[in-house]
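Everything on this sheet refers to the single structure shown next.
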Amino acid sequence: MEIRIKIQRFDPERDEAPHWRQYQVGAQPMDRVLDVLHTVRWQHDGGLAFRRSCGHGICGSDAMEINGRNRLACKELVKSLRQPITVAPMRGFRVVKDLMVDMTAFFEKYRAVRPYLMTDDAPPEKERLQSPEQRERYDDTTKCILCGACTTACPSFWANGKFLGPAAIVQAHRFLMDSRDQGAEQRAGVLNDASGVWRCRTIFNCTDACPRGIQVTKAIGDVKKLLVARSASPDGPPARAQRAGGPPSA
Ligand code: SF4
Ligand code: FES
């Protein structure tokens, strides 16, 4: 089959502004947008720049705007897309070249929420126990591959690049909802900040964009509720076990 694909090109060393180039390439019925991008690079234009690594929806490196929606190029079958297929870099990040964007600020925000287990207790002899119900509370947000599709689909982020963004909040959720974690106090500052969760306007673009099917907007809502509960508690932050659904039964 023949595929028509329009790719947004921009080389900051040569171009004053981004522009579109259209290519017509041969493709197999089960080819994905990533395969077509490879064909363009290998057969038509060796200068085309884009990121990819695993090729199977795991590494998150090839998120881009495909026919106007943020998607992973390695997961989009070309036969199911309207032609010409349009491919552009994710919005809101500086373009390094063509489809490659600068994700430095994105990963700074990721680090700001401290995306790791924080505990005050001495390590137990064997392991920190957790019930299946407690594990279930953050199961959805463990699936995040940090592709950036949610954050760059968010109008609140487009309006204010300082906004923490859905991806960082998803990462905070993963640890805030973990019954073993004790880092809520340290994370509350950045989450409650003027650029934190309250900039979310519940638009749901993030949920639509997530290639892992994570309920991103719900996760942000959970974090908002947790912050409200912390500020409303007369005795200070609610106990860790209460937040996480009770102590482990094991
Ligand atoms: Fe990507 Fe989904 Fe994680 Fe956002 S929540 S960074 S869209 S995997
Ligand atoms: Fe790894 Fe697409 S190349 S997610």
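In each ligand, atom 1 is the first atom listed, and ligand 1 is the first ligand listed. Values below: all heavy atoms of this structure, side chains included; hydrogens, waters and symmetry mates excluded. Just so you know, these numbers come straight off a predicted model, no measurement behind them.
Less than 4.0 angstrom separates some heavy atom of Cys54 from each of these atoms of ligand 2: 1 (Fe), 3 (S), 4 (S). Annotation for ligand 2: atoms under 4.0 Å from non-hydrogen atoms of Cys59 are 1 (Fe), 3 (S), 4 (S). Near Gly55, meaning under 4.0 Å from any of its heavy atoms, are these atoms of ligand 2: 1 (Fe), 3 (S). The ligand atoms of ligand 2 that sit less than 4.0 angstrom from a heavy atom of Ile58 are 4 (S). Listed by number with element, the atoms of ligand 2 under 4.0 Å from a non-hydrogen atom of Gly60 are 1 (Fe), 4 (S).
Heavy-atom contacts from other residues, nucleotides or ligands closer than 6.0 Å to NZ of Lys143 number more than 12. For CD of Glu2, the number of neighbouring non-hydrogen atoms (other residues, nucleotides, ligands) closer than 6.0 Å is greater than 12. In the displayed structure, Lys97 atom NZ is contacted under 6.0 Å by more than 12 heavy atoms of other residues, nucleotides or ligands.
Not a single donor-acceptor pair under 3.5 Å links the side chain of Ser179 to the backbone N or O of Gln130.
From Phe175, atom CZ reaches atom CG of Asp181 across 7.5 Å, with rounding to the nearest 0.5 Å.
Protein atoms that are N, O or S and lie under 2.8 Å from atom 1 (Fe) of ligand 1 are these: Cys147 SG.
Counting heavy atoms closer than 4.0 Å to ligand 2, residue Ile145 contributes nothing at all. With a 4.0 Å heavy-atom cut-off, ligand 2 is reached by the backbone of Ser53 but not by any atom from C-beta on.
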>> For Asp62 and Arg51: C-alpha separation, side-chain torsions, deciding distance, then whether salt bridge (Lys or Arg N to Asp or Glu O under 4.0 Å) applies.
In response: CA-CA 5 Å; Asp62 63 341; Arg51 286 197 186 99; over 6 Å; no
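Within Asp62, OD1 is the N, O or S atom that lies nearest to atom 2 (Fe) of ligand 2.
The ring-ring contact (aromatic ring centres under 6.0 Å, His included) contacts involving residues 138-166 comprise Phe93-Phe157, where partners must be two or more places apart or lie in separate chains.
Taking a cutoff of 4.0 Å between a charged side-chain nitrogen and a carboxylate oxygen, Lys218 and Asp140 do not qualify as a salt bridge.
Taking every heavy atom of both residues into account, Leu146 and Gln171 meet most closely at CD2-NE2, 3.8 Å.
Using a cut-off of 2.8 Å, one finds that Cys74 contributes an N/O/S atom close to atom 2 (Fe) of ligand 2.
The aromatic rings of His38 and Trp42 lie parallel to each other, their planes meeting at an angle below 30°, with 60° marking the opposite boundary.
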